[in-house]
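The structure appears below as structure tokens.
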Amino acid sequence: MEDKLSQQSKLEFESLVEETSHFVRATFVSWHRKFDEFFRELLKNAEKSLNDMFVNTYGMLYMQNTEVFQDLFTELKRYYTGGNVNLEEILNDFWARLLERMFQLINPQYHFSEDYLECVSKYTDQLKPFGDIPRKLKVQVTRALIAARTFVQGLTVGREVANRVSKISPNPGCIRALMKMLYCPYCRGLPSVRPCSNYCLNVMKGCLANQADLDIEWNLFIDAMLLVVDRLEGPFNIESVMGPIDVKISEAIVNMQENSVQVSGKVFLGCGQPKSPPLLRLSRSFSENNNVRFHPYTAEERPTTAAITSLDRLRTLWRTMQNAVIEIKDKLKVSKKLWSSLPHAICKEVRITGENPNEDKCWNGQTRARYLPEIMNDGLINQINNPEVDVDITRPDTFIRQQIMALRVITNKLKNAYNGNDVNFQDTSEETSGSGSGSGCTDDICPTEFDFITTEAPLFDSDRGEMDFSAGSQISQSHFTVLICVILVLQRQWR
């Protein structure tokens, strides 16, 4: 009978813990699904919107270079889903590739080798062919995606920690104390007498001592989650960044065309004069490309009814998600002190202490009378004098310590995300500025704007069939002087 009652006590305790923590666990499960679905849909819709708009606006020019844009969104999605991807490198690579493609389109009279185009892409930051849009978009996209990804990761960790901790089985000392509290009144002929509230609290605090130690890190984790929620509401929220990304990229393309003459001139100066194709090819190239014009996107050019429907649906979804952000803030705040409050929540259950507990006529572990021992504080170390549960305070639960470590890791990531930093790529080198994704340049080493260093981008021999006059006039004069001297010497010898 005692074995059966012990088993029954164990099962009842596990059920109580699981039911009491169900609200928080359900919150993390449901909101993880909602936010994850929304962020994925947002990225998918942003790519579709850009494709529809660019097909309508740029036609075949876009279709021939569509992989540049597809690769951008593929990498952004891979980052969001947890891939080992550097966001700044993704965006830098996109603008460099776009510059290579556009540079060829605005200079169809030349033939560019792969080495030459690589030289062009090296100077994307210095040339600023797309204006200030790449810099602004980099800040916006990185902050928005870092916050979105880390927030969803935080919901995942919170869900997993809550699920795991709520399923920890009680130890033998706890089971004995539970059986004494719940079933010993039956043996004393007092089946209707319920445990005293304070007696129940000491039993539960002893049984949940290790879980209570989770509370400090859990509270810090919730605080960090609330910080990132503020980012989801602020100017860098992912919807306000990814929604108009197609228009921003289109504006950058138009800006590149408007500055094409200056950009080409500075590239030719830094990378050398490119090689012209044969006359026939040149003529054909001009006839095919002399109509290449880019123009700004206008509201009238929104591509299709399907795209409008998709955008309207996403805006409706975002309004719903804004309400969800407000709601999850409230639910996160409620979940603070979850683990230290579990004993109080369990001991308020009607099936444990009754509907209207009488503290003078309750089961105190010995008889029907008031429970006199003091209530223990929370946590393992404070159970050293627990009168109801034998707790070894020198042996913290290893599994709980693992969950504490998991919370510390995600809390650190959340704090970094709030500040716009991705902890996975933060540079810890003392020699760099600490931004983590920058060039690592200092004012003494890196070239200033348009100050090209020929050791990085030398003049290519294959592209010097036609010499740049401004760069080579002095060399031509010196060669001519030497040639005159040689002719005079030969004439003298001939005579």
Side-chain angles (χ1 to χ4, degrees), residues 31-51 68-98 130 132-158 224-249 252 311 314-315 317-318 321-322 324-325 328 409-427 435-438:
W31 290 110
H32 173 270
R33 183 178 64 255
K34 290 178 182 178
F35 278 98
D36 184 51
E37 287 177 355
F38 171 73
F39 292 145
R40 288 174 185 267
E41 182 70 16
L42 185 62
L43 289 170
K44 178 182 176 181
N45 187 83
E47 181 177 13
K48 184 180 185 303
S49 178
L50 182 142
N51 182 74
V68 175
F69 303 91
Q70 289 175 346
D71 290 348
L72 170 65
F73 282 98
T74 297
E75 289 301 296
L76 291 179
K77 291 173 188 174
R78 194 159 72 89
Y79 171 82
Y80 171 74
T81 55
N84 187 22
V85 178
N86 188 321
L87 271 178
E88 290 196 11
E89 287 182 4
I90 291 172
L91 294 167
N92 289 341
D93 182 62
F94 166 73
W95 291 113
R97 291 179 67 192
L98 186 59
F130 302 107
D132 205 32
I133 293 174
R135 183 191 65 81
K136 290 180 179 178
L137 202 59
K138 182 192 294 185
V139 173
Q140 293 169 349
V141 170
T142 52
R143 289 198 174 190
L145 273 176
I146 287 170
R149 181 174 89 157
T150 312
F151 180 71
V152 171
Q153 288 177 343
L155 290 172
T156 302
V157 173
M225 287 286 286
L226 290 169
L227 285 175
V228 178
V229 169
D230 290 338
R231 285 285 180 256
L232 298 181
E233 294 180 303
F236 291 113
N237 74 74
I238 189 170
E239 193 275 339
S240 65
V241 171
M242 297 305 299
I245 194 172
D246 50 359
V247 177
K248 293 176 182 177
I249 293 175
L311 285 169
L314 198 65
R315 290 191 183 104
L317 180 59
W318 175 243
M321 293 310 297
Q322 285 178 313
V325 168
I328 198 171
V409 170
I410 192 62
T411 299
N412 181 54
K413 292 187 71 174
L414 288 163
K415 289 179 178 178
N416 274 280
Y418 174 75
N419 293 319
N421 300 321
D422 192 340
V423 72
N424 291 337
F425 298 107
Q426 192 163 5
D427 195 344
S435 63
S437 301

R135: which residues meet the side chain to side chain donor-acceptor pair (under 3.5 Å) condition with it, sequence neighbours left out? D132

Sorted by chain and number, sequence neighbours left out, side chain to side chain contact (heavy atoms under 4.5 Å, CB included) with R40 holds for D36, Y80, T81

Can you measure from NZ (K138) to CG (N92) and round to the nearest 0.5 angstrom? 3.5 Å

Using side chain to side chain contact (heavy atoms under 4.5 Å, CB included) as the criterion, point out the one residue from N86, L87, I90 that pairs with E75. I90

Nearest 0.5 Å please: distance from the CG atom of L50 over to the CZ atom of F73. 5.0 Å

With a 3.5 Å distance limit and no angle check, can you tell me whether R143 reaches the backbone of G420 through a side-chain donor-acceptor pair? no

Where is the tightest heavy-atom contact between I410 and G154, given as atom of each residue plus distance? CG1-CA, 3.8 Å

Distance-minimising heavy-atom pair for A147 and V228: O-CG1, 3.6 Å

Between L91 and L72, is any pair of side-chain heavy atoms under 4.5 Å apart? yes

Can you list the steps and then say if L227 with F151 is a side chain to side chain contact (heavy atoms under 4.5 Å, CB included)? CA-CA 10 Å; L227 285 175; F151 180 71; over 6 Å; no

Walk me through it: do V325 and F35 pass the test side chain to side chain contact (heavy atoms under 4.5 Å, CB included)? CA-CA 9 Å; V325 168; F35 278 98; 3.9 Å; yes

Test item: D93 side-chain N/O and E89 main-chain N/O as donor-acceptor pair under 3.5 Å: no

Examine distances only and state if a side-chain atom of S49 and a backbone atom of N45 form a donor-acceptor pair shorter than 3.5 Å. no

Side chains of L155 and M225 in contact at under 4.5 Å (non-hydrogen atoms): yes

When you compare the side chain of Y79 with that of V141, does any pair of heavy atoms fall below 4.5 Å? no

Residue list, side chain to side chain contact (heavy atoms under 4.5 Å, CB included) with N419, at least two apart or on another chain: N421

Residue pair R97 / D71, side-chain heavy-atom distance below 4.5 Å: yes

On a heavy-atom basis, the closest approach of I133 and A252 is CD1-N, 3.4 Å

Apply the test side chain to side chain contact (heavy atoms under 4.5 Å, CB included) to residues Q140 and K248: give CA-CA distance (whole Å), side-chain angles for both, the deciding distance (0.1 Å), then the verdict. CA-CA 12 Å; Q140 293 169 349; K248 293 176 182 177; 2.8 Å; yes

Give the minimum heavy-atom separation between V229 and I328, together with the two atoms involved. CG2-CG2, 4.5 Å

Side chains of I245 and L137: does their closest heavy-atom pair fall under 4.5 Å? yes

Does NZ or CZ of R149 fall inside the cone over F39's six-membered ring, less than 6.0 Å from its centre and within 45° of the axis? no

State which residues pass side chain to side chain contact (heavy atoms under 4.5 Å, CB included) with K77; sequence neighbours excluded, sorted by chain then number. L43, E47

Under the rule for ring pair (Phe, Tyr, Trp, His ring centres under 6.0 Å), what residues qualify as partners of F69, not counting sequence neighbours? F54, Y62, F94

